[in-house]
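Working notes, structure below.
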Amino acid sequence: MSAEYKPNEIEPKWQTYWDEQDVYRVTEDPEREKFYVLDMFPYPSGSGLHVGHVEGYTATDIVARYKRLKGFNVLHPMGWDAFGLPAEQHAIKTGEHPREATARNIATFKRQLKRLGFSYDWSREVNTTDVDYYRWTQWIFLKLYEQDLAYIAEVPVNWCPALGTVLANEEVIDGKSERGGYAVVRKPMRQWMLRITKYADRLLEDLDLIDWPDHLKEMQRNWIGQSQGAEVDFAVDAESAGGLDAKIRVFTTRPDTLFGATYMVLSPEHPLVDPITAASQRADVDAYIAQASHKTDLQRTDLAKDKTGVFTGAYAINPMNGERVPVWIADYVLATYGTGAIMAVPAHDERDWEFAKKFDLPIVEVISGGEDVQEAAHTGDGVAVNSGFLDGKSVVEAKAETIAWLEEKGAGKGTINYKLRDWLFSRQRYWGEPFPIVHTEDGEHHALPEERLPLELPELADYKPTGTGEPPLAKAADWLQTTAPDGRPATRETNTMPQWAGSCWYYLRYIDPTNDEAPWSPEAEQYWMPVDLYVGGAEHAVLHLLYSRFWHKVLFDCGLVSTPEPFQRVVNQGMILGKTYEHYTTSEGAPVSRADMHKHENLTGEEIHPDHVRVVAPANVKWDGNTPLHPEHGFELHEIIEKMSKSRGNVVNPDDVIETYGADALRLYEMFMGPLEQAKPWDDRSVNGVYRFLTRVWRLLAAEEGEGLSERVVDGAIEEGLNKELHRMIKRVTEETEDMRFNTGIAAMMEYSNFLYKQDTIARGAIEPFVVMLSAYAPHIGEELWHRVGHDSSVVHADWPSFDESVLVEASVEIAVQIMGKMRGTIEIAVDADQDAAVAAARANEDVERHLEGKTIRRVIFVPGRILNFVVG
RNA sequence: GCCCCCGUAGCCCAACUGGUAGAGGCAAGCGACUUAAAAUCGCUCGAGUCCGGGUUCGAAUCCCGGCGGGGGCACCA
């Protein structure tokens with residue numbers, strides 16, 4: 001009976017062994033090629049590890065183990081992105097220090113990760129909230145500050161009253177906070193900014209240097225949003241603007257259409273709005289500005305809404321033709337993009353066209369080739385008309401000539417504009433890195449010298465936001481008062497850094513985690529960097545990955561790192577979806593199936609009001625073959641595949657799966673579900689399949705009693721047929737693992753074990769390679785069997801098996817015979833048979849000959865080893 | 001509205017990148033074992049590749065147009 005596969009016994013045993021033997025510890029070894037495989041470290045939330053973490057972490061663990069077995073010196077670390085809002089919200093609610101809740105959560109995560117048998121070098125664990133870590137985050141901030149990449153600005157920010165903080169643009173989704181979904185409003189505040197825009201061009205160009213999925217690069221390109229165009233100055237018509245002498249600068253990507261600019265639009269926040277507004281328009285303009293300021297970004301950018309705007313009463317002069325054009329304000333022009341003002345060319349821009357139609361402004365065609373511009377804007381290609389010296393020129397030529405003309409006249413210049421804005425880098429929170437900055441009475445700010453780092457977070461009596469926008473750190477009276485580097489009294493900066501700060505450089509700390517002289521040593525950096533493989537969720541495509549690249553480039557310019565990019569290859573794991581089983585309740589409260597719900601309630605559409613929807617936990621569903629049934633009432637449940645969420649009751653807890661099937665089965669199942677990058681639904685019943693595979697392997701190889709091997713494993717030479725299967729399996733598993741196609745790699749191992757089951761005896765030499773390969777995927781059973789095979793040291797130190805291609809060569813091959821592309825039979829021919837031999841063999845086949853009867857063979861297509869095709873006429 | 005990815009047995013997925021549509025798993029069916037069931041072992045069933053065109057000797061694979069699902073961007077001048 002001891003032959004039974006008991007993951008809950010063998011798994012803890014080997015986890016302890018690995019810890020005690022310290023098998024995953026790595027150090028720099030110039031003799032060996034390095035491989036740095038990195039996970040996106042988790043935010044240690046209170047709900048613990050979820051199956052999505054397990055997916056990515058298993059993938060990297062397999063790669064790490066594979067590379068180790070291949071002889072690489074593998075760096076595979078883990079740590080904690082532990083600053084952040086949830087811990088602070090918890091502190092506000094309970095009064096418990098965020099450090100304590102964080103430590104507790106980390107302990108849970110760590111226990112869960114260890115339970116999964118991941119091969120991390122835990123001696124390199126980092127925690128962004130440790131003083132020994134964040135002193136270097138502060139140190140890197142000083143580098144940014146020294147390079148003039150950090151500055152203070154009064155900017156309209158996303159103020160979230162509920163959270164008591166400002167948020168970065170990236171943290172605001174549809175006008176609500178990414179975390180919590182609270183309303184966000186615009187409010188001008190004094191904030192720290194990082195000049196990421198200075199690196200926009202390099203962040204864009206260097207995407208060509210790295211091996212990332214296309215969709216991810218595309219998202220970064222969109223975010224950076226480079227557009228080529230021109231800045232053009234329109235002089236304000238002084239007479240119309242109370243004698244004001246001013247210029248309105250606009251950005252346009254279509255300088256070729258300048259002759260068609262029939263009006264201008266300023267954003268409501270534009271500084272010239274107030275000075276140019278005519279007395280007669282003052283009331284309307286002020287009302288419009290007030291109205292716009294109360295709108296959220298969501299409302300302002302709602303595409304469905306009509307264009308709105310107000311005439312200022314002022315005019316400007318089109319520099320090309322000297323014509324007076326009216327200046328309007330409208331909220332479809334954004335203050336934060338370009339110059340906050342546009343020239344409107346209604347004939348060739350859909351937004352301007354809509355606005356012009358609504359307010360009856362002139363529409364003048366300047367690019368021919370489209371339909372009537374009075375009916376619709378023509379945004380396509382064409383030839384310049386009504387454009388003076390540009391007439392007859394193509395769009396491309398007209399752009400170039402206009403820019404040259406503007407530059408000569410000093411009325412504008414060619415320029416490149418970016419959608420990317422500077423990074424709002426401060427938060428009005430407690431649980432973050434304090435800025436190493438002090439303020440003196442004269443309003444100047446000063447960096448703390450390096451020797452005064454770390455600047456530790458002070459203890460507070462409570463963590464509540466002040467509500468005014470002033471950060472909680474302002475309450476730390478003793479901490480607040482200090483001296484400037486020159487000895488003058490000063491007060492500390494009370495903002496803290498955003499959560500992204502710590503995660504911007506953690507991959508560098510792993511390479512030298514305990515260094516207290518420097519964030520990392522140059523030697524270690526040169527050995528380990530760049531990260532060879534970085535796996536994580538796509539939700540970080542533009543935020544974390546862009547910020548890290550930015551910091552890395554700054555560090556590169558400072559000579560602190562040796563590579564221009566941090567992450568050579570990035571892979572996104574697809575989301576694991578959950579299955580929800582719904583039933584419904586009628587207005588009378590009776591539980592019914594979906595079909596009956598429609599009948600009872602006379603519903604015509606698909607939508608059933610949420611109040612009438614009930615869900616059955618997947619574990620409680622009763623199955624009749626493939627039909628999910630209600631556990632009590634027995635009617636059919638409606639299955640929905642969607643994102644896992646607590647409220648839908650479809651969250652799978654890794655701990656539960658390990659309890660039932662073991663960590664190896666969980667790892668294997670998540671890899672077997674499908675391609676790593678693809679979204680796929682969790683299927684409780686399929687976990688059984690891989691669990692069954694492991695029990696089969698166990699029964700095949702483990703002795704029925706004691707700690708040895710099954711009797712069917714024997715010494716001696718490997719029989720020819722088995723040897724062929726063995727080498728075929730090694731080849732396939734090697735290639736699939738190399739390409740991270742773990743699902744098919746596992747299938748190859750399953751096939752091999754199915755083959756082994758048909759053998760009466762199996763030579764020992766045919767199972768060792770299998771055990772080694774299996775150990776990369778399912779390390780516990782792999783280690784157990786490795787020891788049972790007779791090894792004393794860990795399978796971690798084994799060699800990845802190699803295969804002999806010559807073993808796989810077949811003497812003959814079966815190929816298909818087609819006539820006009822239709823399958824008519826197969827023939828068995830020698831592998832090196834030539835076309836004549838193949839045709840002869842085919843004509844000996846009755847079916848083939850029957851179809852060829854009476855036809856003329858016009859052409860023969862022969863692809864050796866694949867196909868023979870007759871073209872007849 | 002624009003951009004990207006995906007549609008293959010009841011389900012999750014393979015198919016050497018244009019060459020016999022099926023490797024693996026789930027589910028189902030049959031048999032063996034069992035007093036019976038579960039577990040286990042063995043065997044079996046199963047789609048012509050979302051739809052319509054095109055290129056080709058040959059298309060799941062390439063091209064065009066739809067439909068369906070997922071993701072991203074969204075007045076960015």
Side-chain angles (χ1 to χ4, degrees), chain A residues 4 213-219 221-223 225-227 229 250-254 257 265 300-305 307 330-334 336-345 349-352 354-355 417-421 538-539 541-542 572 574-575 577 623-627 639 641 643 668-669 672-675 677-690 692-693 695-696 699 732 735 741 743-754 757-758 814-826 858-863 865-872:
Chain A
E4 212 180 317
D214 287 341
H215 70 96
L216 216 156
K217 287 189 182 183
E218 196 54 33
M219 280 165 75
R221 284 196 189 99
N222 286 341
W223 196 264
Q226 185 186 62
S227 48
V250 301
F251 174 74
T252 178
T253 55
R254 295 294 303 273
T257 62
V265 186
R300 278 185 62 162
T301 57
D302 184 1
L303 289 180
K305 86 170 166 59
K307 295 271 182 292
D331 64 5
Y332 81 91
V333 174
L334 307 175
T336 45
Y337 183 75
T339 61
I342 63 159
M343 62 176 210
V345 185
D349 181 284
E350 277 162 17
R351 296 153 301 181
D352 297 344
E354 237 180 90
F355 192 83
N417 199 47
Y418 295 93
K419 213 159 91 179
L420 184 72
R421 326 273 165 77
E539 65 272 21
V542 282
N572 286 133
M575 196 184 298
L577 304 168
W623 288 93
D624 174 22
N626 297 310
T627 311
E639 181 182 284
I641 291 171
K643 209 167 157 173
L668 219 48
Y669 172 62
F672 189 62
M673 292 171 83
E677 304 195 38
Q678 195 171 299
K680 47 224 170 248
W682 182 277
D683 179 14
D684 262 328
R685 295 194 299 173
S686 294
V687 186
N688 231 325
V690 289
R692 203 142 34 188
F693 163 63
T695 59
R696 277 167 66 81
R699 259 197 312 272
R732 285 172 64 194
E735 289 171 356
R741 291 196 303 257
N743 54 330
T744 46
I746 293 166
M749 289 191 278
M750 286 176 166
E751 244 179 286
Y752 185 64
S753 89
N754 289 345
Y757 254 82
K758 298 193 175 79
E814 192 187 49
I815 69 166
V817 180
Q818 298 182 339
I819 293 161
M820 296 300 282
K822 286 204 170 61
M823 259 287 290
R824 295 304 183 195
T826 59
R858 298 207 177 276
R859 207 174 138 196
V860 175
I861 290 140
F862 177 61
V863 182
R866 297 217 192 277
I867 205 155
L868 178 67
N869 188 12
F870 294 100
V871 183
V872 298

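Note on naming: letters A, B, ... go to the chains in the order of the sequence lines (proteins, then strands), and numbering restarts at 1 for each one.
Judged by Watson-Crick or G-U wobble contacts below 3.5 Å, the nucleotide G52(B) has C64(B) as its partner. In this structure, G42(B) forms a base pair with C30(B), meeting either the Watson-Crick or the G-U wobble geometry with both donor-acceptor distances under 3.5 Å. If you check C73(B) for Watson-Crick or wobble pairing at under 3.5 angstrom, you find it paired to G1(B).
For the pair M750(A) and V690(A), the minimum side-chain heavy-atom distance is below 4.5 Å.
Comparing the C1' positions of C73(B) and U56(B) gives a spacing of 38 Å, expressed to the nearest Å.
Base contact: Q818(A) has a heavy atom under 4.0 Å from a base atom. Here K217(A) lies out of heavy-atom contact (under 4.0 Å) with every strand. Residue-level contact check: T826(A) touches the bases, meaning some heavy atom is under 4.0 Å from a base atom. Note on R696(A): only backbone sugar-phosphate atoms sit closer than 4.0 angstrom, heavy atoms only; bases stay farther off. Nucleic acid contact for E350(A): none, since no nucleic acid atom lies under 4.0 Å from a heavy atom of the residue.
Contact annotation: R732(A) does not reach the phosphate of A14(B) (side-chain N/O to OP1 or OP2, under 4.0 Å). Checking the phosphate oxygens (OP1, OP2) of C13(B), a side-chain nitrogen or oxygen of Q678(A) falls inside 4.0 Å. Note on N743(A): a side-chain N or O is less than 4.0 Å away from OP1 or OP2 of A14(B). At the phosphate of C2(B), neither OP1 nor OP2 sits under 4.0 Å from any side-chain N or O atom of N222(A). The side chain of S227(A) contributes an N or O atom lying less than 4.0 Å from OP1 or OP2 of A77(B).
Put simply, the side chain of K419(A) never gets that close to the backbone of S227(A): no donor and acceptor are under 3.5 Å apart.
G72(B) adopts an anti glycosidic conformation, its chi angle falling more than 90° from 0.
Because its NZ or CZ atom is both nearer than 6.0 Å to the ring centre of Y332(A) and within 45° of the ring axis, K307(A) counts as a cation-pi partner of that residue.
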